Amino acid sequence: MTAYDYRILYRTFSRLIQNRMGLTMVDLNANGKVPVPPYVAIDIISPKLPQSFLEEDGVFEAILSFTVYDKSKLDCLIKANELREKFGDQLTEDELEKQNIVLVERMEMQLRSVAETNAYAYMAGFDCRLRLQESYVGEGTGEILDIKLDKGEITNE
């Protein structure tokens, strides 16, 4: 089993946010130039929550935080709510499934604005719980890249 490549999350969500909302996504704690608002910041706040005591199956969950920055409080709230709603639709689910990512939960939206010395930064966001799978490398077989994760769906069969 190999360690999970968290860059997959950044690439996947950056592409989703750009394609679905036309917004740039940045790493919350990255060094570099901050884009002009509006934009979205991502942070991995819980990188690995094991789903069993054994941890042998490589399945785990992670919690990501998404924060929208904008020039006005109302615009910020509107964009954060729109992003949260888009994360719950079929198009997003299909894109995440291609990367073996299951969106388990979209948590409630929160105002995240903080007072600054010269200005006021308008921020609103939400967190998401994801189910992820570490990849396996077997001797002589190479890396297994495609694993179907259980979405917890219940059927009447």
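Keep in mind it's a predicted model, so treat the numbers as computed, not measured.
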Determine whether a donor-acceptor pair (N or O, by modelled atom type, separation under 3.5 Å) exists between the side chain of Asp43 and the backbone of Ile45.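 No, because the side chain of Asp43 does not come within donor-acceptor range (under 3.5 Å) of the backbone of Ile45.
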
Going from [atom1] on [X] to [atom2] on [Y], what distance comes out if it is rounded to the nearest 0.5 angstrom?
X	Y	atom1	atom2	value
Glu82	Arg20	CD	CZ	9.0 Å
Ser113	Asp70	OG	CG	10.5 Å
Met107	Cys128	CE	SG	7.5 Å
Ile17	Lys79	CD1	NZ	13.5 Å
Gln90	Glu97	CD	CD	8.5 Å
Tyr6	Ile42	OH	CD1	12.5 Å

Under 4.0 Å between a Lys/Arg side-chain N and an Asp/Glu carboxylate O for Glu95 and Lys98?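 Judged by the 4.0 Å cut-off on N to carboxylate O distance, Glu95 and Lys98 do form a salt bridge.
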
Evaluate the side-chain contact (heavy atoms from CB on, under 4.5 Å) criterion for residues Leu77 and Leu111: first the C-alpha distance (whole Å), next the side-chain angles of each, then the deciding distance (0.1 Å), finally the verdict. CA-CA 8 Å; Leu77 287 169; Leu111 280 172; 3.4 Å; yes

Are the side chains of [X] and [Y] in touch, meaning some heavy atoms are under 4.5 Å apart?
X	Y	result
Leu16	Lys86	no
Glu61	Gln51	yes
Arg129	Leu49	yes
Val40	Thr67	no
Leu9	Ile101	yes
Leu103	Glu93	no
Thr24	Gln18	yes
Ser65	Leu28	no

Nearest heavy atoms of [X] and [Y], plus distance in Å:
X	Y	answer
Gln99	Ile8	OE1-CG2, 3.9 Å
Arg106	Glu85	NH1-CA, 3.7 Å
Pro47	Ala62	O-CB, 3.5 Å
Ala80	Gly125	CB-N, 4.3 Å

Taking only residues at least two apart or on different chains, which pairs with a member in residues 85-112 satisfy ring-ring contact (aromatic ring centres under 6.0 Å, His included)?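 Of all non-adjacent pairs touching residues 85-112, those that pass ring-ring contact (aromatic ring centres under 6.0 Å, His included) are Phe13-Phe87, Phe66-Phe87, Phe87-Phe126.
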
Consider only side-chain heavy atoms of I, L, V, M, F, W and Y, link residues closer than 4.5 Å, and tell whether [X] and [Y] are in one cluster.
X	Y	answer
Leu96	Ile63	no
Met123	Met109	no
Met21	Tyr10	yes
Tyr4	Leu130	yes

Before giving the answer on side-chain contact (heavy atoms from CB on, under 4.5 Å), spell out for Tyr39 and Val34 the whole-Å C-alpha distance, their side-chain angles and the decisive distance to 0.1 Å. CA-CA 9 Å; Tyr39 65 92; Val34 177; 3.0 Å; yes

Run the salt bridge (charged side-chain N to carboxylate O under 4.0 Å, His left out) test against Arg112 and tell me which residues pass, sequence neighbours left out.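 If we apply the salt bridge (charged side-chain N to carboxylate O under 4.0 Å, His left out) test to Arg112, skipping adjacent residues, the hits are Asp127.
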
